[in-house]
Amino acid sequence: MIFLNKKTQLFLVALMFCLFWSGVTLAQEAKKSVAILPFKLNAPPDKAYLKEGLRDMLGSRITSETGSAIVPKAKVDAALQGSGGTLLAQNMGPYAKKVGADYLVFGTITALGGGISIDTKVFSAGASADQAVQTFLGSATANEQIMGAIDSLSWDIIEKYFNKKRPASLVVATQAAPAKGQPSGFTTAHPDKTFMSSGGGFSIRGGRNFVKTRNFDMTVTGIDLGDIDGDGTEEIVLANRTEVQVFHRDGTRLNIIDTIDMGNRYIVHNVNCADLNGNGRDEIYISAADPKIPGSRAVEWDGKQFVELFREARWYIKPVNIPSIGEVLVGQSTGLLPVEPGLYQLSIKDKVLVRQERLPIPSEVNVFNFAYADLDGDGKHEIVAIDESSKLMVIKSGSKIWKSAERFAGTKRYLGGDPNMMEVTNPLTNDEVDGIGEKYKETYVPSRILISDVDHDGVDDIILNRNPETLTTIVPRLIQYQSGTMVGLKWNGIGLEELWRTRKIDGYVVDYQVKSQVMKTGPENEDELFIGLILNTGTLDALVGDKSTVVIYPFQFELQEEKQ
């Protein structure tokens, strides 16, 4: 008989306990069940296979790597139908209990620019309320990358909830280069072409593609960037029809700071950030209106909350950078017409907007459809504007010197119109008009005309959205904007020519902004192009409401090496 000393006996008991407890833990993990719900699909019909394919692939990977049980799809779908067909925050717990799931996996598949984005949420039945739902994001820039994106997404979920690390062979760099032969987010029609005014060869850096934030249940009507709290970092400001939301950005994650509620009367059609009072914090200027009159508003962050600078102002408003003056608030009023000709510099006194001098600008230009730019580098600024047909024009010394054949910056946002007019009503045949027939004239609010010297040659460039060639402007508010393309234009001496463009962006491009160059803190912080996008949807979700997102492109020019 072999006798063991006391220390050895204690060690063996501890070892047996650990083995027993590990076995219990593994058994418990194996018994965990996962319900994978149908993902919403914002994609063309040719991507419909992803909806069921994603469920199968996620389930297969989670089962094989963790031993968890996947709740049968028939049971999941039947229970979802019994819950009204929609998974809401308040019914996630009861739904999970009903199907017998420890985890619920659900989300949205979005097609963008030839690739896809998979916005995924996981509800954990055993977690506290503030930690119950976690977000995961997978993306692929081409069809052949979709399988890898789903595999990576599966491992993100497995690592978070099942305490298992992915194999070293599957660990990828955070910023991976596009697959060989795949175009970058930006492409140019003539890669070897030099900028006409610089003499140097430049191209857009193509090492990375776009990224996107999570999807939002809103109809985005505007986007801007601004250092709202004065900390040196720009926040993202998103407007929908009845409110404005302000977010801190953490990579592709947007964390909300506060919401500015506009009420139900005035619809937001434009939002801008600018530090016009010079205190180091950008104010937020919200242009809003009902069909008859404006009801604009401005707020500023005081360190804890937003305080009002003015509200229900009877002006359509926008900060404008005026040559030799600087950035000031500019407004346009209403009267016999929904939008009266004449732009005025405005000042704020006792929370009221006060009209100052009128700007020397042609009457066909309104506060939202123009920008000043020194296109030829002569130190004098031209006016770049969008006309009523969404054509781009250049005005110099009061005369129109160029007009595009293509259409740019078209949107469905408009001012005026008949308050009782249904969406299917053609304003051209509406009988209720005044003596000049323009009582219910609709004035459209185009996307921004961005002016930025992106190639750093000392001459202004123009950045804006180019609409599809098939676009018609007979009744603009009835147009379905299915895609857009961001382009960069430069003056070549006789007109504006295209120097670069993004790949086609699937969805309705509403608004956009370039990260301010003055905010750059180092060479590693390159500029970025932010796009507010309403997603296309291939499902009945369109009847419930729009889905919007923010697409972010890295944006930097680099000098090409001269050919020997």
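Throughout, residue positions are numbered sequentially from 1 according to the sequence presented.
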I'd like to know if the side chain of S363 and the backbone of P341 have a donor-acceptor N/O pair within less than 3.5 Å. no

R407 (side chain) donor-acceptor with K391 (main chain) under 3.5 angstrom: no

Shortest non-hydrogen pair, S452 vs I463, comes out as CB-CD1, 4.4 Å

Are the side chain of Y512 and the backbone N or O of R448 linked by a donor-acceptor pair below 3.5 Å? yes

Would a 4.5 Å heavy-atom cut-off, applied to side chains only, mark L464 and V487 as touching? yes

For the residue pair E528 and P554, what are the closest heavy atoms and their distance? CG-CA, 4.4 Å

Please round to the nearest 0.5 Å and tell me the distance separating atom CG of L489 and atom CZ of R501. 10.0 Å

E300 and N279: CA distance, side-chain angles, deciding distance, side chain to side chain contact (heavy atoms under 4.5 Å, CB included) verdict: CA-CA 10 Å; E300 183 178 37; N279 66 357; 2.4 Å; yes

For K504 and T485, work out which heavy atoms get closest and say how close. CA-OG1, 4.0 Å

Between N369 and I386, is there a donor-acceptor pair closer than 3.5 Å when you use the side chain of the first and the backbone of the second? yes

Residue among D460, V320, I451, N321 satisfying side chain to side chain contact (heavy atoms under 4.5 Å, CB included) with Y372: V320

Check ion pair D302-K304 (N to O, under 4.0 angstrom): no

Going by side chain to side chain donor-acceptor pair (under 3.5 Å), name the pairs with one or both residues in residues 250-260, residues two or more places apart or in two chains. none

Parallel, tilted or perpendicular: which describes the rings of Y481 and Y508, with under 30° parallel and over 60° perpendicular? parallel

To the closest 0.5 Å, what do you measure between CE (M393) and CD1 (I383)? 9.0 Å

With a 4.5 Å limit on heavy-atom distance, are the side chains of L37 and F123 in contact? no

Is there a donor-acceptor contact under 3.5 Å from the side chain of E442 to the main chain of Y414? no

Measuring from atom CZ of R311 to atom CZ of R297, what distance do you get when rounded to the nearest 0.5 angstrom? 4.5 Å

Yes or no on side chain to side chain contact (heavy atoms under 4.5 Å, CB included) for V394 and L375, after CA distance, side-chain angles and deciding distance? CA-CA 9 Å; V394 177; L375 298 176; 3.9 Å; yes

Spatial distance of atom CG (D511) from atom CG (N270) [nearest 0.5 Å]: 6.5 Å

Shortest non-hydrogen pair, V268 vs A239, comes out as CG1-CB, 3.8 Å

Between K547 and D217, is the closest basic N to carboxylate O distance under 4.0 Å? yes

Considering residues, nucleotides and ligands other than K396, do more than 12 of their heavy atoms fall under 6.0 Å from its NZ? yes

Main-chain N/O of N240 paired with T221 side-chain donor or acceptor, under 3.5 Å: yes

All heavy atoms of S447 vs all of V510, minimum pair found to be OG-O, 2.8 Å

From CA spacing to verdict: side chain to side chain contact (heavy atoms under 4.5 Å, CB included), T334, K292: CA-CA 8 Å; T334 187; K292 294 183 178 180; over 6 Å; no

Verify whether one side chain among D546 and T219 offers a donor that lies under 3.5 Å from an acceptor in the other. yes

Heavy atoms only: give me the nearest V365-A385 pair and the separation to one decimal. CG2-CB, 4.3 Å

Supply the atom-to-atom distance I223 CD1 to Q513 CD, rounded to the nearest 0.5 angstrom. 8.5 Å

Counting only N and O atoms by type, is there a donor-acceptor contact under 3.5 Å from the side chain of N272 to the main-chain atoms of P319? no

With sequence neighbours excluded, tell me which residues meet ring-ring contact (aromatic ring centres under 6.0 Å, His included) with F408. none

Heavy atoms of other groups near R249 CZ, more than 12 under 6.0 Å: yes

Side chains of F39 and T120, heavy atoms from C-beta outward: is any pair under 4.5 Å? yes

Heavy atoms, side chains only, cut-off 4.5 Å: are D282 and E235 in contact? no

Just how far is it from atom CG of N465 to atom OG1 of T411, taken to the nearest 0.5 Å? 10.0 Å

Using modelled atom types only, decide if a donor and an acceptor are shared between the side chain of T213 and the backbone of T549 within a distance under 3.5 Å. no

Taking C-beta and beyond as the side chain, do V445 and L415 meet within less than 4.5 Å on heavy atoms? yes

Would you check if I317 and F310 make a side-chain contact, meaning some heavy-atom pair closer than 4.5 Å? yes

Under 3.5 Å donor-acceptor pairs involving side-chain atoms of residues 349-360, not counting sequence neighbours:
{"from": "Q356", "atom 1": "NE2", "to": "S347", "atom 2": "OG", "distance (Å)": "2.7"}

Does any part of the side chain of N366, heavy atoms only, come nearer than 4.5 Å to the side chain of Y316, both counted from C-beta? no

Using modelled atom types only, decide if a donor and an acceptor are shared between the side chain of E283 and the backbone of L276 within a distance under 3.5 Å. yes

If we only count heavy atoms from C-beta on, is the F368 to H269 side-chain gap below 4.5 Å? yes

Verify the ring-centre separation between F247 and F216: is it less than 6.0 angstrom? yes

Quick one: do V367 and V339 satisfy side chain to side chain contact (heavy atoms under 4.5 Å, CB included)? Show the steps, please. CA-CA 10 Å; V367 68; V339 182; over 6 Å; no

For the backbone of E340 and the side chain of Q332, can you confirm whether one donor and one acceptor N or O come within less than 3.5 Å of each other? yes

Do K40 and D119 sit within salt-bridge range, that is, some charged N less than 4.0 Å from a carboxylate O? no

